[in-house]
Amino acid sequence: MRSAAIRVDNVYVDYSAQSDVPRRILNGIDLEIENGEFISIVGLTGCGKSTLLRLILGEERPTSGRVLVNGVERSKPDRLCGYVPQKYSLFPDKTVLGNVTFGLEVSEFGAFSLLRPTRRKKMREFRATARRYLEHTGFHEADSIKYPHQLSGGMQQRVAIAQALILKPPVLLMDEAFSALDPGTRSGMQQLIKDLWRQSGTTIVFVTHNTREAVCLGTRIIALARNGDRGSSVALDVAVPHLDFDSDEDEIRDLIDEVESATQNGIERARSRPVPIFS
């Protein structure tokens, strides 16, 4: 039996407002995400999708309730969760290879890496590992010496994904990671992340506004919907079959309609289907 990678236990989040009356963002969220799932989180703007992701990352704490990853309550970002934001930020003074190895360097050597006697040998190992990850994300050897300003938006996003994956996090969090890309590049990145997920078995939580993207990437969709001032709750929690972007349009359309209805209208009690066995 698969064990839970992520547990969100009766979580409420309130933010302070100018009126001194707290504004409720999340209202009693209960979720259990198993190892190896690809979770798509959807919902209208302002419903708390990114807030939920930051809770799992450990960047924020809930007002009440608990968020656990691998059984450990979240209190700060760490190597349990990799993170790819919408506005990825690469080090402009580092090459592609240097950007990808940076996390390994900091984890191994800390702030004073230049003083460590074992640094040279380790760096050779890190670079070899980084080249493998870059190859997996579609880069050629010549690309490794380029700087961020020499890369397209899609290439920069692939570097950001390689940065996150090289640390081998049990969980990868992606927050609107493809929304700034042009349609052609976005399509390629969608296929890339699904292929990488199938190869690695990493648990992925993917926030998106694009319902078709959510349906075709995820093995399970969680839709959040606001209920007035009471904040957002889970309006739909549904397992979906393995779909690709060229799947039967009628099958995709039915799922899209179901998900969009939930995000727009809300459902008082979360609906669910049995979670399928993942290939």
Side-chain angles (χ1 to χ4, degrees), residues 1-17 21-44 46-85 164 169-176 197 201-208 214 217-240 259 262-263 266-278:
M1 181 178 292
R2 291 172 176 263
S3 58
I6 301 167
R7 188 183 301 274
V8 181
D9 184 13
N10 197 31
V11 160
Y12 291 78
V13 173
D14 296 333
Y15 286 161
S16 297
V21 177
R23 177 172 177 258
R24 177 146 292 171
I25 305 300
L26 297 178
N27 185 353
I29 304 295
D30 279 301
L31 292 172
E32 187 170 301
I33 297 172
E34 297 182 346
N35 283 304
E37 287 195 86
F38 194 130
I39 304 295
S40 294
I41 298 180
V42 297
L44 300 180
C47 72
K49 302 184 300 297
S50 294
T51 298
L52 180 56
L53 212 66
R54 290 193 297 269
L55 294 173
I56 298 171
L57 180 63
E59 191 174 68
E60 291 189 23
R61 300 291 299 276
T63 304
S64 64
R66 300 186 306 159
V67 179
L68 302 94
V69 173
N70 285 358
V72 179
E73 189 166 356
R74 304 300 285 156
S75 60
K76 61 182 180 180
D78 56 29
R79 288 185 65 169
L80 284 176
C81 294
Y83 181 57
V84 182
V171 174
L172 180 62
L173 308 173
M174 305 185 73
D175 191 2
E176 296 282 359
W197 167 73
T202 301
T203 304
I204 294 181
V205 183
F206 186 89
V207 165
T208 180
L217 285 179
T219 56
R220 178 177 162 200
I221 297 175
I222 293 168
L224 300 181
R226 286 195 63 81
N227 189 358
D229 294 336
R230 288 188 286 174
S232 294
S233 56
V234 176
L236 184 70
D237 184 347
V238 56
V240 298
V259 172
T263 61
I267 297 176
E268 285 295 323
R269 186 173 60 184
R271 298 174 54 194
S272 63
R273 297 178 188 164
V275 177
I277 302 298
F278 302 118

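- Atom CD1 of I56 and atom CD1 of I6 lie 4.5 Å apart (nearest 0.5 Å).
- Residues C47 and R226 meet the side-chain proximity criterion, which asks for heavy atoms closer than 4.5 Å.
- The only member of L26, I25, T51 that meets side chain to side chain contact (heavy atoms under 4.5 Å, CB included) when paired with S232 is L26.
- You'll find the side chain of D78 stays beyond 4.5 Å of the side chain of V69, heavy atoms only.
- Pairing each heavy atom of G46 with each of R23, the nearest pair is O-NH2, 4.3 Å.
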>> Please determine whether side-chain contact (heavy atoms from CB on, under 4.5 Å) holds for the pair D175 and V84, giving the CA-CA distance in whole Å, both sets of side-chain angles, and the decisive distance to 0.1 Å.
In response: CA-CA 6 Å; D175 191 2; V84 182; over 6 Å; no
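- Between the OH atom in Y83 and the CE atom in M174 there is a gap of 11.0 Å [rounded to 0.5 Å].
- For the residue pair D14 and T63, no side-chain donor N or O sits within less than 3.5 Å of a side-chain acceptor on the partner.
- In plain terms, the two heavy atoms of A214 and S40 that are nearest each other are O-OG, 3.0 Å.
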>> As a quick check of understanding, evaluate side-chain contact (heavy atoms from CB on, under 4.5 Å) for N70 and N35, giving each step before the final call.
In response: CA-CA 9 Å; N70 285 358; N35 283 304; 4.3 Å; yes
>> With side-chain contact (heavy atoms from CB on, under 4.5 Å) as the criterion, how do I221 and L236 come out once you've worked through the C-alpha distance, each side chain's angles and the decisive distance to 0.1 Å?
In response: CA-CA 8 Å; I221 297 175; L236 184 70; 5.5 Å; no
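- Scanning all heavy atoms of the two residues, the minimum distance from V11 to V67 falls at CG2-CG2, 3.8 Å.
- Annotation for P170 and L80: closest pair CD-O, 3.0 Å, computed over non-hydrogen atoms.
- Going from atom CD1 of I41 over to atom CD of E176 covers 11.0 Å, rounded to the nearest 0.5 Å.
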> Checking side-chain contact (heavy atoms from CB on, under 4.5 Å) for the pair I29/L55: CA distance, chi angles, key distance, verdict?
Replying inline: CA-CA 11 Å; I29 304 295; L55 294 173; over 6 Å; no
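- Counting only distance, with no hydrogens or angles, the side chain of N27 and the backbone of R230 share a donor-acceptor pair below 3.5 Å.
- How far CZ of R7 is from CG of D9: 7.5 Å, rounded to the nearest 0.5 Å.
- Side chains of E73 and R61 form a contact here, defined as non-hydrogen atoms less than 4.5 Å apart.
- For K49 (side chain) and G43 (main-chain N/O), a donor-acceptor pair under 3.5 Å exists by modelled atom type.
- Panel note: side chain D237, backbone I222; no donor-acceptor pair is recorded below 3.5 Å.
- Partner I33 forms a side chain to side chain contact (heavy atoms under 4.5 Å, CB included) with one of V8, I204, T203, V171 and no other, that one being T203.
- Classification of the W197-F38 ring pair by plane angle, with boundaries at 30° and 60°, yields perpendicular.
- A distance-only check finds a donor-acceptor pair linking the side chain of R74 to the backbone of L57 [under 3.5 Å].
- For T263 (side chain) and A225 (main-chain N/O), no donor-acceptor pair under 3.5 Å exists by modelled atom type.
- Nearest approach of A164 to P169, heavy atoms of both residues: O-CD, 3.2 Å.
- Taking OG1 of T219 as the start and CD of E34 as the end, the distance is 9.5 Å to the nearest 0.5 Å.
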